[in-house]
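Everything quoted here is computed from the prediction, not taken from an experiment.
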Amino acid sequence: VEEHNKLLLDAKIALLSGDGADARRLLGQYHQQTQYTDPAALMLSARVMATQGMRGEAKSMIQRVIEMRRAGLDAYRML
């Protein structure tokens with residue numbers, strides 16, 4: 001298993017175990033390794049941050065997802 005996939009799995013386990021702080025830390029490491037390119041993981045981070053009262057950080061994660069999807073739509077329109 002690649003290291004970044006293990007980080008994502010560990011983050012999900014931490015979240016299911018009720019350890020949101022550890023989940024957030026592991027997701028942060030995952031995003032650094034994947035250069036913030038996984039929309040599903042970004043949304044997971046946004047949910048974790050929102051539940052921890054980190055609304056600004058959650059909004060930043062959601063904005064990244066929107067930008068990625070918008071770029072994908074623009075590329076699709078060019079076809």
Side-chain angles (χ1 to χ4, degrees):
V1 177
E2 293 183 42
E3 180 65 24
H4 64 273
N5 289 332
K6 184 180 179 311
L7 284 170
L8 183 58
L9 180 60
D10 288 346
K12 289 177 180 180
I13 291 169
L15 190 58
L16 289 172
S17 300
D19 191 350
D22 197 39
R24 191 177 75 240
R25 179 185 63 78
L26 291 163
L27 283 164
Q29 291 176 9
Y30 174 81
H31 293 312
Q32 287 178 345
Q33 288 189 12
T34 60
Q35 300 179 351
Y36 294 83
T37 57
D38 183 341
L42 289 168
M43 288 302 297
L44 181 60
S45 286
R47 283 189 213 105
V48 170
M49 291 174 176
T51 61
Q52 294 178 344
M54 302 172 72
R55 292 182 179 229
E57 292 88 344
K59 183 178 177 181
S60 294
M61 292 292 170
I62 294 168
Q63 286 174 325
R64 285 179 184 260
V65 173
I66 291 169
E67 289 170 11
M68 279 191 262
R69 292 190 175 155
R70 184 177 299 141
L73 288 173
D74 289 343
Y76 180 75
R77 286 185 195 121
M78 293 177 67
L79 292 177

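A tilted orientation is assigned to the rings of Y30 and H4, their planes being inclined by 30° to 60°.
No chain of hydrophobic side-chain contacts below 4.5 Å, direct or via other Ile, Leu, Val, Met, Phe, Trp or Tyr residues, connects Y36 to L26. In this structure, L44 is not a member of the same hydrophobic cluster as V65, with clusters built from ILVMFWY side-chain heavy atoms closer than 4.5 Å.
Heavy-atom minimum distance, A23 versus A14: N-CB, 3.8 Å. Summarising the geometry of A41 relative to L27, their closest heavy-atom pair is O-CD2, 4.3 Å, with the distance given to 0.1 Å. Between R69 and P39 the shortest heavy-atom distance is NH2-CB, 3.9 Å. Summarising the geometry of Q29 relative to L7, their closest heavy-atom pair is OE1-CD2, 3.3 Å, with the distance given to 0.1 Å.
Summarising the geometry, atom CE belonging to M61 is positioned 4.0 Å from atom CE belonging to M49; distances are rounded to the nearest 0.5 Å. The OG1 atom of T34 lies 9.5 Å from the CG atom of N5; values are rounded to the nearest 0.5 Å.
Residues M54 and R24 meet the side-chain proximity criterion, which asks for heavy atoms closer than 4.5 Å. Within the 4.5 Å cutoff, the side chain of L8 has heavy atoms near those of the D38 side chain. Q63 is listed as a side-chain neighbour of K59, based on a closest heavy-atom distance under 4.5 Å.
A donor-acceptor pair under 3.5 Å is formed between the side chain of Q52 and the backbone N or O of G20.
Scanning for side-chain hydrogen bond (donor to acceptor under 3.5 Å, both in side chains) contacts around R64 gives an empty result, with sequence neighbours left out.
In this structure, K6 pairs ionically with D10, as a charged nitrogen and a carboxylate oxygen lie closer than 4.0 Å.
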The test is side chain to side chain contact (heavy atoms under 4.5 Å, CB included); show your working for L15 and R47 and say whether it passes. CA-CA 11 Å; L15 190 58; R47 283 189 213 105; over 6 Å; no
